[in-house]
Amino acid sequence: MQSTSLAQNTPQDYLDAHNTARSAVGVADISWDDTVQAYAEDYANQRRSDCNLVHSGGSYGENLFWGSSTSYSGIDAVNAWVDEKQYYDHDTNTCASGQTCGHYTQVVWRDSTQLGCARVECDNNAGVFIICSYNPAGNVDGQSPY
């Protein structure tokens, strides 16, 4: 994956990457929320020491990303999640066998209206950990994202 500039970690960068994917399937834009962002930042800081892709178990929807290089940006993370679209079949609301689609469906989940993301550099030069939190959470069993 080609990484982008470290400057691409602002709220607007995360929003633009999400809203481009949402617009492509006719879903309204998501907006930035400071409370959701504070939650994401707190959890990212908790993961800084190990950067394991372990979900927080909180009340928000959540996408996690780990990159081995500190050059990975928030846009890289969102693009990786959106790349799962190729495996998602909207007509049947299923993912191709052996593939992952849940990150993509959370990005475009129509009922998720608030977003907050955070990026931390892992201890011991172990790359980056990026989290985006979504309110309300998406990926409700049996429901289509859009």
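Please read these numbers as outputs of a predicted model, since none were measured by experiment.
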Original post:
Where is the tightest heavy-atom contact between N19 and I30, given as atom of each residue plus distance?
Top reply: OD1-N, 2.7 Å

Original post:
Given the rule that I, L, V, M, F, W and Y join up when any side-chain heavy atoms are under 4.5 Å apart, are Y60 and L115 in one cluster?
Top reply: no

**OP:** Kindly indicate, with the supporting measurements, whether the criterion side chain to side chain donor-acceptor pair (under 3.5 Å) is fulfilled by T105 and N139.
**Re:** CA-CA 7 Å; T105 54; N139 290 339; 2.5 Å; yes

Subject >> Exercise: identify the closest heavy-atom pair between A28 and R22 >> reply: O-NE, 2.8 Å

Original post:
Do the side chain of N45 and the main chain of E41 share a donor and acceptor less than 3.5 angstrom apart?
Top reply: yes

Original post:
Do the side chain of N93 and the main chain of G142 share a donor and acceptor less than 3.5 angstrom apart?
Top reply: no

Original post:
Could you give the distance from NE2 (H103) to CG (N63), rounded to the nearest 0.5 Å?
Top reply: 5.0 Å

Original post:
Should E62 and S56 count as side-chain neighbours, where that means a heavy-atom distance under 4.5 Å?
Top reply: yes

Original post:
Under 3.5 Å, is there a donor-acceptor pair between the side chain of W81 and the main chain of L64?
Top reply: yes

Subject >> Under 3.5 Å donor-acceptor, N79 side chain and D76 backbone >> reply: no

Original post:
With the 4.5 Å side-chain cut-off for hydrophobic clustering, are W66 and Y104 part of the same group?
Top reply: no

Subject >> Pairwise side-chain contact, W109 with Y134, heavy-atom cut-off 4.5 Å (strictly under) >> reply: no

Original post:
For Y146, does its backbone N or O pair with a side-chain atom of H90 as donor and acceptor, under 3.5 Å?
Top reply: yes

Original post:
Is there a path of hydrophobic side-chain contacts, each under 4.5 Å between heavy atoms of I, L, V, M, F, W or Y residues, that connects V36 with Y14?
Top reply: no

Original post:
Do you know the tightest heavy-atom contact between S112 and A137?
Top reply: OG-C, 4.0 Å

Original post:
In Å, rounded to the nearest 0.5 Å, how long is the span from OG1 of T20 to CG of D29?
Top reply: 8.5 Å

Original post:
Are side-chain heavy atoms of T113 and P136 found at a separation under 4.5 Å?
Top reply: yes

Original post:
Taking a hydrophobic cluster as the set of Ile, Leu, Val, Met, Phe, Trp and Tyr residues connected by side-chain heavy atoms closer than 4.5 Å, whether directly or through intermediates, do I131 and V108 fall within one such cluster?
Top reply: no

Subject >> Exam field: side chain S69 to backbone G127, donor-acceptor pair closer than 3.5 Å >> reply: no

Original post:
Is any side-chain heavy atom of C132 closer than 4.5 Å to a side-chain heavy atom of H18?
Top reply: yes

Original post:
At what distance, to the nearest 0.5 angstrom, does CD1 of I75 lie from CD of Q8?
Top reply: 3.5 Å

**OP:** Locate the shortest heavy-atom distance separating E84 from G102; write the atom from each residue and the value.
**Re:** OE1-N, 3.5 Å

**OP:** Would you check if the side chain of R110 reaches a backbone N or O of S144 as a donor-acceptor pair within less than 3.5 Å?
**Re:** yes

Original post:
Looking only at atom types and distance, does a side-chain atom of N9 sit under 3.5 Å from a main-chain N or O of G74, one as donor and one as acceptor?
Top reply: yes

Subject >> Atom CG of N125 with >12 non-hydrogen neighbours under 6.0 angstrom >> reply: no

Original post:
Between C101 and A96, which heavy-atom pair has the shortest distance, and what is it?
Top reply: SG-N, 4.4 Å

Subject >> Side-chain (R119) to main-chain (I130) donor-acceptor, under 3.5 angstrom >> reply: no

Subject >> Hydrophobic cluster identity match, W32 and V27, side-chain contacts under 4.5 Å >> reply: yes

Subject >> Expected output: side-chain R47 to main-chain L53 donor-acceptor under 3.5 Å >> reply: no

Original post:
Between T100 and Y87, is any pair of side-chain heavy atoms under 4.5 Å apart?
Top reply: no

Subject >> Exercise: do Y43 and S133 side chains pair donor with acceptor under 3.5 Å >> reply: no

**OP:** Indicate the atoms forming the closest heavy-atom contact of D123 with S49, along with that distance.
**Re:** OD2-CA, 3.3 Å

Original post:
CG of N124: more than 12 outside heavy atoms within 6.0 angstrom?
Top reply: no

